[in-house]
Amino acid sequence: MISPLIGALATETEVHVVVPPLWRNTGVGPAQVEGCSSIHGVEWHIVNDPDHRSLRTYPADSDGVVEFVQKIAPDYVFCRSADIATPSRFPGKIVHLLESGASPFALPLDGMILQRDFWHHGAMPVLSDEDRESLDAAFATTWERMQNRLENEPPFCLPRDQVLKQMGLPEGRKIIALPLEYEHEEAFTGFHNRFARNLDLIDHVAEAIDDEFVLAIADHPLNYKHVDNRLVHSAIRALGSRAQLVPNAGARYLPTTLLIKNCDGLVVQNTKALYAGAFFGKPTLRLSHRPTADWIGVHGEITPFLSDVRAGRAGASVNQARTWFAFHVMHEVIAPAKIEAAEILDRVERPFSRDRLQSGLERFEAYQSEVDWAA
């Protein structure tokens, strides 16, 4: 996802890539450099020192990194790192390269966003009334189609009692959905969570609820594929009637979305499952060190969150959710393999422009057609 952006920028700008050696699937090795061999005019600065592993989170010599970048004197800085404190001290305009994602909408797997504030979920630039009207109008048909699908197509059209029965969840109790984070040694972002371990997250929520609630836990699909999650699953079973692991034999994302549609409240840390909660208007607790946009209306502590769940209060409003989904799907998501340098820099200078909406919608609809055909 990153090399196409490097290639695009190198056609019109002086590009310096500051990166550590390959370790735990991050950084660059010979294969990555070879893959960029056709890109000319790039200065590679591979930080191959004994402390290079620390660059993923807390650099051992952050002052040295800052001093090095200051000598380069960049006008723009594109960050792909869990460390956000060090880049915040760099010169130039800084954006973070992050994966796109807005469940229940299916977005291209290589889609990325340029975000100024790392993991500021739901963030949007300042929009005028005309901007919001343009977003809502252009997205109206797509939004309505998604709502219809989730009301009329299986498994989302199934009655709540049937869904809960299939998931092993009881009726008559408030369902708290808890999607877990990807917990692997290659995931360096855990320190942005309130709880670095899924075990501690589960314990925290389980200790706060009584018999009025049941904790419905959805393990991350990548944990099924790449992590020994037996200890976590054993801990869930040990909670007895207070918790249930939602079945997911195919290690897919769909069961989590289906759970969120049928839950009474949602607890997340930094997972983008937060957006499914916003789509379905669920009261949400976010346990994170990163910010959340006001429109989502998340709680930061569990007691007021449980009060909202008990009272059946809603979360994000439909109108505000629709505007954000329109912004993310049609405007914020970029196609790294197709974007040109001028547009990348223009997006940094102008975080929103109505003239990008049509092409963004066309990209999404083309991908949606591929998904529908494959299904």
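Numbers here simply count residues along the sequence, with the first being 1. Keep in mind that this is a model prediction, so the values were computed, not measured.
Nearest approach of A316 to A278, heavy atoms of both residues: CB-O, 3.9 Å. Closest heavy-atom contact between H328 and S100: NE2-CB, 3.8 Å. When all heavy atoms of M124 and W324 are compared, the pair lying nearest together is CG-CD1, 3.5 Å. Between G265 and C263, the shortest heavy-atom contact is O-SG, 3.3 Å.
Within 6.0 Å of CD in Q162 there are more than 12 heavy atoms belonging to other residues, nucleotides or ligands. Other residues, nucleotides and ligands contribute only 12 or fewer heavy atoms inside 6.0 Å of the CZ atom of R252. Crowding of N152 atom CG: a count of heavy atoms from other residues, nucleotides or ligands under 6.0 Å exceeding 12. Atom CG of D294 is surrounded by 12 or fewer heavy atoms from other residues, nucleotides or ligands within 6.0 Å. Counting non-hydrogen atoms of other residues, nucleotides and ligands closer than 6.0 Å to CD of E144 gives a total of 12 or fewer.
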Applying side-chain contact (heavy atoms from CB on, under 4.5 Å), run through F191 and Y58 and close with a yes or a no.
CA-CA 10 Å; F191 66 97; Y58 301 101; 3.1 Å; yes
Passes ring pair (Phe, Tyr, Trp, His ring centres under 6.0 Å), H220 versus Y253? Steps please.
CA-CA 8 Å; H220 196 288; Y253 289 91; 5.8 Å; yes
Verdict with reasoning, Q320 to T323, per side chain to side chain donor-acceptor pair (under 3.5 Å)
CA-CA 5 Å; Q320 290 180 309; T323 300; over 6 Å; no
Derivation and outcome, side-chain contact (heavy atoms from CB on, under 4.5 Å), residues D131 and F327
CA-CA 10 Å; D131 292 334; F327 166 71; over 6 Å; no
Going through the checks in order, is the side-chain contact (heavy atoms from CB on, under 4.5 Å) test met by F279 and L150?
CA-CA 11 Å; F279 183 93; L150 295 175; 3.3 Å; yes
Can R56 and S81 be said to form a side chain to side chain donor-acceptor pair (under 3.5 Å), step by step?
CA-CA 6 Å; R56 279 80 176 173; S81 173; over 6 Å; no
After noting the C-alpha distance and the side-chain angles of F105 and F325, does the key distance pass the ring pair (Phe, Tyr, Trp, His ring centres under 6.0 Å) rule?
CA-CA 9 Å; F105 290 89; F325 277 94; 5.4 Å; yes
Show the numbers, then the answer: is there a side-chain contact (heavy atoms from CB on, under 4.5 Å) between F352 and L135?
CA-CA 11 Å; F352 182 81; L135 282 165; 4.1 Å; yes
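The aromatic rings of H121 and W119 are tilted relative to each other, their planes meeting at an angle between 30° and 60°. Between F118 and H96, the angle of the ring planes goes over 60°, which puts this pair in the perpendicular group of the 30/60° scheme.
No side-chain heavy atom of I113 sits less than 4.5 Å from a side-chain heavy atom of L97.
Exactly one of V15, V18, V69 qualifies for a side-chain contact (heavy atoms from CB on, under 4.5 Å) with P74. That residue is V69. Tested against N270, the residues R286, H289, H192, R290 include a single side chain to side chain donor-acceptor pair (under 3.5 Å) partner, R286. The residue from D83, T57, L55 that alone fulfils the side-chain contact (heavy atoms from CB on, under 4.5 Å) condition with F188 is T57.
In summary, R356 and D346 engage in a salt bridge, as defined by a charged side-chain N under 4.0 Å from a carboxylate O. Checked for salt-bridge contact, R145 and E365 meet the test: a charged N lies under 4.0 Å from a carboxylate O. Comment: R242 does not engage D210 in a salt bridge, judged by the lack of any side-chain N to carboxylate O separation of less than 4.0 angstrom. Salt bridge annotation for R173-E212: absent, with no cationic side-chain nitrogen under 4.0 angstrom from a carboxylate oxygen. One finds a salt bridge joining E99 and R80 here, because a Lys/Arg side-chain nitrogen approaches an Asp/Glu carboxylate oxygen to under 4.0 Å. A salt bridge links R197 and D200; the closest N-O separation between the charged side-chain nitrogens and carboxylate oxygens is under 4.0 Å. Of the charged side-chain nitrogens involved, at least one lies within less than 4.0 Å of a carboxylate oxygen, so that E301 and R194 count as a salt-bridged pair. Under the 4.0 Å criterion applied to side-chain N and carboxylate O atoms, R160 and D264 are assigned as salt-bridge partners.
Under the 4.5 Å side-chain contact rule for hydrophobic residues, V77 and I6 do not share a cluster.
Residues passing the side chain to side chain donor-acceptor pair (under 3.5 Å) test with Y76 are E349, sequence neighbours excluded.
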